Amino acid sequence: MSIKSSHPASPGFARQFIDLAGGYWSSEKKWSVRLLTAALGLLTVGQVIVPILINLWSQRLFDALEARSMDRFVTMIGAVGVIILFNIANTILHLRVKRRLQIGWRTWLTQKLLDDWLTRGRQHQVTYLPGDHDNPDGRIAEDIRISTEVAIDLGLSLSYCALLLISFTNILWMLSGAPEVTVLGATFHVPGYLLYIALMYAAIGTTIALVVGRPLVKAVNHRQGNEASFRFGLARVRENAQAIALLHGESGERDRIVGLLGGVKQGWNGQTRALSNMMVFSATYSVLSAAFPILVAAPSYIAGTISLGVLMQTAQAFQQTVGALSWPIDNLARAAEWKASVERVLGLNTALQRLDREIGGEGTERIVVVRSDDETSLTFRDVSVAEPDGKLVIKPFNLEVKPGERVLIVGDPGAAVRLSRTVARVWPWGHGRIALPAHTRVFFMPERPYLAHGTLRAALSYPVGPERVSDAEATAALERVGLGHLLPQLDEEDSWDEVLAMPEQQRLGFARLLIRRPDWIFLEDATGSLDPESEHDMFRLIEEEVPAATVLTIGSHPGLEAHHSRKLVLERVNGAVQVREEVCGAVETVG
């Protein structure tokens with residue numbers, strides 16, 4: 001039966017981001033985080049003080065030059081030195097506090113998303129859901145970095161521009177005076193006229209920039225998506241380098257990667273065109289912004305109503321006001337990059353939250369796996385297995401596997417693997433109840449054991465730490481499975497999934513089994529790369545070392561039947577798989 005796909009309407013973009021990332025300020029370290037934020041605010045105020053001081057210093061400097069006063073000129077030299085020292089101290093502190101806040105926020109959000117992704121098989125289950133959540137590694141590593149770092153940068157620059165605007169609006173108003181303007185014989189006093197001109201100038205510039213730069217947002221989004229696909233393609237080649245080499249698939253992989261690179265190039269060119277249109281405007285606007293305020297204030301200087309110092313102070317105040325009002329223009333490209341990254345982070349988070357709602361929500365149909373003190377066997381009660389979209393994979397069945405039994409599962413391989421993963425709690429789609437005895441150890445061995453980069457001892461002990469495996473245990477396990485020649489490399493770091501041949505990797509899986517000594521063992525074609533004699537040796541090893549363990553094996557090798565007492569046959573009938581049991585040659589349908 002289909003799982004529910006409906007979900008409440010999503011809140012706005014800003015609200016989603018705040019809900020996801022804003023918890024950093026109320027986390028366990030909230031007081032140190034808030035203190036850093038307050039300190040950063042004060043240091044930003046300090047950054048605004050510097051241009052105000054320079055503006056006042058500029059007026060006095062040019063007045064001293066106009067008066068040809070050497071004493072005042074020397075005083076201005078000393079004053080600018082003090083301003084420089086203050087600016088250096090404030091800038092360094094601002095940088096250090098900002099970067100500490102950025103890395104703290106990034107670390108917190110990364111850990112939060114990792115906790116949601118790497119838990120209860122979610123990293124595997126989410127791949128089966130539709131939606132925009134591909135390349136989760138890139139989203140966690142790169143997009144979270146951009147989302148947090150750039151958010152703080154944009155917030156600080158916006159705060160700086162707002163404070164700058166407030167400060168220089170007042171200065172510009174006072175410097176404007178109240179000139180008389182005559183229109184059709186009528187005379188009007190226009191106080192603060194320079195401020196109005198600055199506002200109109202910035203408004204016109206911002207409007208043009210937003211219109212011209214609108215395609216840039218789309219171009220940045222498109223490029224980042226292509227870049228992520230390119231990185232993912234390269235990572236896939238690296239992860240499967242050995243298989244590609246053995247199949248001589250380099251040519252096909254190269255063509256595929258070049259195709260992805262073509263998408264990167266297309267996204268780059270699209271962004272270049274959008275940036276070029278923005279640069280035409282920016283180049284004009286930046287030059288005009290430097291000249292325009294002097295041209296506006298020059299008539300008053302020529303008329304002798306203001307000094308040279310006031311002229312230069314007015315020009316600087318005008319530039320600072322327009323610069324503060326031009327924040328959208330200056331940050332449009334970076335804001336577009338930030339928004340695209342936030343949307344990718346939100347896409348992954350939304351998929352994980354949806355997965356939790358659809359699998360763990362009340363009233364949701366799913367396969368329930370429990371550990372019970374009342375159970376002594378592995379029991380399946382009215383269990384049916386489905387795809388995430390609700391399509392039936394395995395028809396409802398009932399089954400009991402008693403302790404110590406050896407059960408072979410053959411037939412449809414996809415259905416068999418899904419059946420095994422239901423017990424592992426990583427395939428919840430379907431209906432029914434699976435019960436295992438409490439306080440027993442369960443061990444799942446896939447066809448290809450996962451070997452993380454590190455020491456061989458760490459690979460042997462995974463998922464627990466290497467310190468949990470003594471030299472004696474490691475020696476006994478490796479020698480027992482025929483890997484004694486690897487003992488000198490026990491504490492050497494390497495990529496063991498590339499160093500070891502596939503048969504050696506599968507033997508290492510059995511060495512892990514000996515270390516863990518489980519009560520229930522699930523083998524997913526775990527001897528597929530071994531020759532018949534080696535396969536026989538591995539099953540004899542289980543019989544000798546963990547004789548009381550229950551074994552369920554997925555495989556199709558004829559030699560496997562000799563090591564099992566029961567056989568489950570998964571046959572596809574009318575589009576879905578039916579489970580039937582064969583015991584000592586007798587055939588009966590399980591249900």
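Computed from a predicted structure; not experimentally measured. Both backbone and side-chain heavy atoms feed into the values below; hydrogens, waters and symmetry mates do not.
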**Item:** CA sep, side-chain torsions, deciding dist, call: T107, Q111, side-chain contact (heavy atoms from CB on, under 4.5 Å)
**Value:** CA-CA 6 Å; T107 301; Q111 290 176 341; 3.8 Å; yes
How long is the span from the [atom1] atom in [X] to the [atom2] atom in [Y], to the nearest 0.5 Å?
| X | Y | atom1 | atom2 | answer |
| --- | --- | --- | --- | --- |
| E337 | D143 | CD | CG | 9.5 Å |
| L109 | L20 | CG | CG | 5.0 Å |
| L101 | Y24 | CG | OH | 5.5 Å |
| I146 | R106 | CD1 | CZ | 9.5 Å |
| R418 | I367 | CZ | CD1 | 11.5 Å |
| F86 | T91 | CZ | OG1 | 9.0 Å |

May I ask you to check whether over 12 heavy atoms, not counting those of [X], lie within 6.0 Å of atom [atom1]?
| X | atom1 | result |
| --- | --- | --- |
| H431 | NE2 | no |
| E28 | CD | no |
| R381 | CZ | yes |

Would you say [X]'s side chain and [Y]'s backbone share a donor-acceptor pair under 3.5 angstrom?
| X | Y | value |
| --- | --- | --- |
| W105 | A21 | yes |
| D382 | G432 | no |
| R371 | T440 | yes |
| E493 | H453 | no |
| W25 | R34 | no |
| Q47 | N90 | no |
| E227 | V264 | no |
| R516 | L513 | no |
| N135 | A228 | yes |

**Request:** For a side chain to side chain contact (heavy atoms under 4.5 Å, CB included) with L348, tell me which candidate from L352, T350, V345 qualifies.
**Result:**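 Going through the options one by one, the only one that passes is L352.
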**Prompt:** Just one of I521, L523, L378 clears the side chain to side chain contact (heavy atoms under 4.5 Å, CB included) bar with L552, so which one?
**Reply:**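 Exactly one pass, corresponding to L378.
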Could you pull out the closest heavy-atom pair between [X] and [Y], with the gap in Å?
| X | Y | answer |
| --- | --- | --- |
| S461 | V469 | CB-CG2, 3.3 Å |
| R256 | G233 | NH2-O, 3.9 Å |
| F510 | A526 | CE1-O, 3.8 Å |
| L460 | R512 | O-CG, 3.1 Å |
| A386 | V393 | C-CG2, 3.8 Å |
| P518 | A549 | O-CB, 3.6 Å |

**side-chain contact (heavy atoms from CB on, under 4.5 Å) evaluation trace for I434 with R425** = CA-CA 10 Å; I434 300 174; R425 303 186 185 187; over 6 Å; no
**Message:** Can a side-chain donor-acceptor contact be found between R99 and Q102 if the only test is distance below 3.5 angstrom?
**Reply:**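 No.
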**Prompt:** Going by atom types alone, do S341 and R145 pair a side-chain donor with an acceptor below 3.5 Å?
**Reply:**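 Absent: no donor and acceptor within the cut-off.
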**Request:** Take T422 and W429 through the test side-chain contact (heavy atoms from CB on, under 4.5 Å) and record every step on the way to the result.
**Result:** CA-CA 8 Å; T422 59; W429 295 288; over 6 Å; no
**Message:** With a 4.0 Å cut-off on N to O distance, would you call R421 and E524 a salt bridge?
**Reply:**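 Answer for the salt bridge query: yes.
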For a 4.5 angstrom cut-off between non-hydrogen side-chain atoms, does [X] reach [Y]?
| X | Y | value |
| --- | --- | --- |
| L456 | V499 | no |
| I144 | W108 | no |
| N87 | L85 | no |
| L490 | D471 | yes |
| L260 | N226 | no |
| V370 | E375 | no |
| P449 | Y462 | no |
| R223 | W268 | yes |

**Request:** Kindly indicate, with the supporting measurements, whether the criterion side chain to side chain donor-acceptor pair (under 3.5 Å) is fulfilled by T44 and H94.
**Result:** CA-CA 7 Å; T44 302; H94 188 276; 3.2 Å; yes
**Request:** Anything under 30° is parallel, anything over 60° is perpendicular, the rest tilted; go ahead and classify Y128 against W427.
**Result:**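 Ring orientation, 0 to 90° scale: perpendicular.
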**Item:** Of D356, D116, D115, the residue whose pairing with R122 passes salt bridge (charged side-chain N to carboxylate O under 4.0 Å, His left out)
**Value:**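 For R122, the salt bridge (charged side-chain N to carboxylate O under 4.0 Å, His left out) check succeeds only for D356.
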**Request:** Mind running side-chain contact (heavy atoms from CB on, under 4.5 Å) on N170 and I166 for me, showing each step along the way?
**Result:** CA-CA 7 Å; N170 185 50; I166 293 170; over 6 Å; no
**Prompt:** How about F17 and W338: are their ring centroids closer than 6.0 Å?
**Reply:**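 F17 vs W338: aromatic centres under 6.0 Å.
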